[in-house]
Trainee: 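Got a structure for you, written out below as structure tokens; questions coming shortly.
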Amino acid sequence: MAIHHKVLRFRMIPTRVQAHLLCRQAGARRWVWNWALEQRTIHYKIYGKTIPKKQLSSDLTALKNNPDMAWLKEADAQTLQQTLLDQDRAFQRFFAKTAKHPKFKGRKNSPMTFRVPQRVKVDEEKVYVPKIGWVKIRQSMGIPDPTKSATFKRDASGNWFVAIVVEFSISDDPLPISEDAVGIDLGLKDFAVLSTGERIPAPKFFRRSQKRLRRAQRVLSRRQKTSRRRARAKQRVARIHQRTSDQRKDFIHKLTTRITHCHDAVCVETLNIRGLARTKLAKSILDAAWGEAIRQFQYKAIWNRKHLAQTPMFFRSTKECRFCGTVNNTLTLADRYWTCSGCLQVHDRDLHASHRIRDEGLRLLAVGHTDSKNARGVDVSPSLEGGRC
């Protein structure tokens with residue numbers, strides 16, 4: 001049995017007083033972050049090295065005993081100490097050259113958020129927040145024990161959410177592979193074409209909301225800076241973006257859950273989404289959210305003990321006939337159907353690609369690895385005659 005972690009996110013429904021207290025907790029967290037960053041900067045200028053983590057924690061405890069800083073005691077002590085740990089991890093990523101140098105957080109340009117490492121409980125559609133009490137939530141599913149930590153965050157629309165980390169155990173061995181496998185070809189016209197013949201049309205949520213977004217942004221551009229009317233207009237723009245994001249997440253979650261539950265193995269392709277986002281189709285590609293769909297397939301396959309196979313990035317899923325192996329190098333993006341010159345089979349472009357992805361995925365699951373890997377174990381382009389894809 002292996003131990004895994006799952007993050008469950010619920011919307012909170014705080015009262016006006018509770019919302020004010022949540023903002024104060026987030027404000028105290030932001031102030032401690034900026035104070036700790038300033039202390040690190042001063043210590044490095046004087047001694048040429050970073051300040052020890054224990055010393056920074058002791059200084060924070062002493063600071064709370066200062067009568068002028070007594071308001072810090074209104075915030076949860078573990079939340080403030082967790083802020084120091086978060087900043088220490090940020091500096092570790094900076095020294096490892098995987099992130100930029102931590103910055104000071106402003107009141108208007110940083111999200112309202114804080115994390116509680118312990119003592120967060122959920123019971124009867126309520127969550128217990130230290131120093132605040134029980135707050136109502138929209139609980140859509142049960143929460144298994146034990147809970148590890150919880151992060152509270154307010155989005156740009158002004159809604160509070162809680163993300164709870166729970167621990168669960170599951171067998172390392174997935175269910176046996178059967179013929180009930182599905183290949184998925186992701187696209188723009190159809191969001192997904194399954195090897196079963198099912199086609200899921202692309203919802204294009206952002207395209208559908210562009211008219212309302214354009215009007216709201218036009219109103220925002222006319223408002224005077226620092227005015228209350230500008231703040232309200234900015235929130236209206238944020239609500240449109242939030243609605244689009246929620247629609248997209250709901251669509252992808254329902255689709256990935258259904259496909260994962262209905263099939264023993266899911267076979268998807270590996271896409272260079274970052275490179276595709278630099279093309280003239282960037283808006284449509286980012287609106288499709290292929291990366292989020294693949295990410296959800298990855299962890300839902302683990303949760304449900306199902307198999308997931310990803311074909312290599314340069315696997316020819318479209319141009320190569322799945323019956324005779326003939327490669328059609330003259331195929332263009334405008335060709336939705338093509339006839340194989342070898343066996344004279346007529347192929348639907350996307351449906352044929354999904355069958356090829358399914359066949360290759362089952363082969364990879366049987367073999368256990370992809371065709372070609374470099375010294376780091378990362379998939380690379382195999383030597384293919386006739387070019388890529």
Side-chain angles (χ1 to χ4, degrees), residues 174-200 255-256 259-260 262-273 275-276 288 290-291 293-302 304-331 333 335-343 345-374 376-389:
L175 297 173
I177 302 177
S178 68
E179 291 299 322
D180 187 16
V182 62
I184 303 174
D185 178 64
L186 300 173
L188 295 179
K189 179 183 177 182
D190 293 314
F191 177 80
V193 178
L194 278 59
S195 58
T196 58
E198 181 183 359
R199 293 177 180 269
I200 295 96
L255 177 64
T256 54
I259 293 176
T260 306
C262 293
H263 301 278
D264 294 337
V266 179
C267 308
V268 295
E269 51 190 334
T270 301
L271 300 171
N272 182 14
I273 300 175
L276 293 171
W290 295 334
I294 294 174
R295 186 189 71 87
Q296 292 186 18
F297 277 126
Q298 289 172 343
Y299 74 78
K300 289 180 181 180
I302 297 176
N304 296 281
R305 296 180 61 200
K306 300 297 181 67
H307 296 269
L308 176 72
Q310 285 188 259
T311 61
M313 186 176 296
F314 297 99
F315 171 70
R316 287 186 296 216
S317 61
T318 305
K319 293 184 178 181
E320 184 175 331
C321 178
R322 70 187 183 98
F323 296 106
C324 64
T326 303
V327 178
N328 183 3
N329 291 318
T330 63
L331 191 67
L333 290 174
D335 300 328
R336 308 315 302 174
Y337 295 88
W338 62 280
T339 303
C340 176
S341 60
C343 60
Q345 287 281 347
V346 179
H347 298 300
D348 180 304
R349 178 194 183 95
D350 297 332
L351 183 60
H352 173 262
S354 65
H355 282 289
R356 286 275 294 153
I357 293 170
R358 177 186 180 275
D359 295 341
E360 178 66 11
L362 288 176
R363 189 191 69 80
L364 295 178
L365 290 174
V367 175
H369 56 80
T370 55
D371 284 342
S372 180
K373 290 179 180 291
N374 61 16
R376 298 182 180 178
V378 180
D379 299 339
V380 296
S381 173
S383 57
L384 299 175
E385 297 180 1
R388 301 176 178 176
C389 299

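What's counted below: heavy atoms across the whole structure, side chains too, no hydrogens, waters or symmetry copies.
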Trainee: For the pair His352 (side chain) and Arg322 (backbone), establish whether a donor and an acceptor sit closer than 3.5 Å, ignoring hydrogens and angles.
Mentor: yes

Trainee: Of all the heavy-atom pairs spanning Ala192 and Leu186, show the shortest one and how long it is.
Mentor: CB-CD2, 4.1 Å

Trainee: Return yes if some donor-acceptor pair links the side-chain N/O of Arg349 with the main-chain N/O of Thr318 below 3.5 Å, else return no.
Mentor: no

Trainee: Tell me, please, which residues at least two apart from Ala309 pass side-chain contact (heavy atoms from CB on, under 4.5 Å).
Mentor: Cys267, Leu365

Trainee: Taking all non-hydrogen atoms of both residues into account, name the closest pair between Ser317 and Glu269 and its distance.
Mentor: OG-OE1, 4.3 Å

Trainee: Could you pull out the closest heavy-atom pair between Ala288 and Phe191, with the gap in Å?
Mentor: O-CE1, 2.9 Å

Trainee: For residues Cys321 and Trp338, report the shortest heavy-atom separation together with the two atoms involved.
Mentor: N-CH2, 3.9 Å

Trainee: Can you find a heavy atom in the side chain of Trp290 that is under 4.5 Å from one in the side chain of Leu188?
Mentor: yes

Trainee: At what distance, to the nearest 0.5 angstrom, does CG of Leu331 lie from NE2 of His347?
Mentor: 10.5 Å

Trainee: Could you tell me if the side chain of Thr270 sits less than 4.5 Å from the side chain of Phe315, heavy atoms only?
Mentor: no

Trainee: What's the spacing between Leu351 CG and Thr196 OG1 if we round to 0.5 Å?
Mentor: 8.5 Å

Trainee: Do Ser354 and Leu194 touch side chain to side chain, with heavy atoms closer than 4.5 Å?
Mentor: no

Trainee: Check whether any side-chain heavy atom of Glu320 sits under 4.5 Å from a side-chain heavy atom of Thr326, and report yes or no.
Mentor: no

Trainee: Evaluate the side-chain hydrogen bond (donor to acceptor under 3.5 Å, both in side chains) criterion for residues Thr260 and Lys300: first the C-alpha distance (whole Å), next the side-chain angles of each, then the deciding distance (0.1 Å), finally the verdict.
Mentor: CA-CA 7 Å; Thr260 306; Lys300 289 180 181 180; over 6 Å; no

Trainee: Measure the spacing between OG1 of Thr311 and CZ of Arg363 and express it to the nearest 0.5 Å.
Mentor: 10.5 Å

Trainee: I need the full list of salt bridge (charged side-chain N to carboxylate O under 4.0 Å, His left out) pairs touching residues 181-199, with sequence neighbours left out, sorted by first then second residue.
Mentor: Asp190-Arg199, Glu198-Arg258, Arg199-Asp348

Trainee: Quick one, Ile184 and Val193 - any side-chain contact, counting heavy atoms below 4.5 Å?
Mentor: no

Trainee: Would you mind reporting whether Phe297 and Gln310 have side-chain heavy atoms less than 4.5 Å apart?
Mentor: no

Trainee: Check whether Ser195 reaches the backbone of Gly183 with its side chain - one donor and one acceptor, N or O, closer than 3.5 Å.
Mentor: yes

Trainee: Taking the side chain as every heavy atom from C-beta outward, state whether Leu271 and Met313 have any atom pair closer than 4.5 Å.
Mentor: no

Trainee: Walk me through whether Asp335 and Leu333 qualify under side-chain contact (heavy atoms from CB on, under 4.5 Å).
Mentor: CA-CA 5 Å; Asp335 300 328; Leu333 290 174; over 6 Å; no

Trainee: Can you name the residues that form a side chain to side chain donor-acceptor pair (under 3.5 Å) with His263, not counting sequence neighbours?
Mentor: Asp180

Trainee: Main chain of Lys306, side chain of Asn304: is a donor-acceptor contact present, judged purely on distance under 3.5 Å?
Mentor: no

Trainee: Is any side-chain heavy atom of Gln345 closer than 4.5 Å to a side-chain heavy atom of Thr339?
Mentor: no

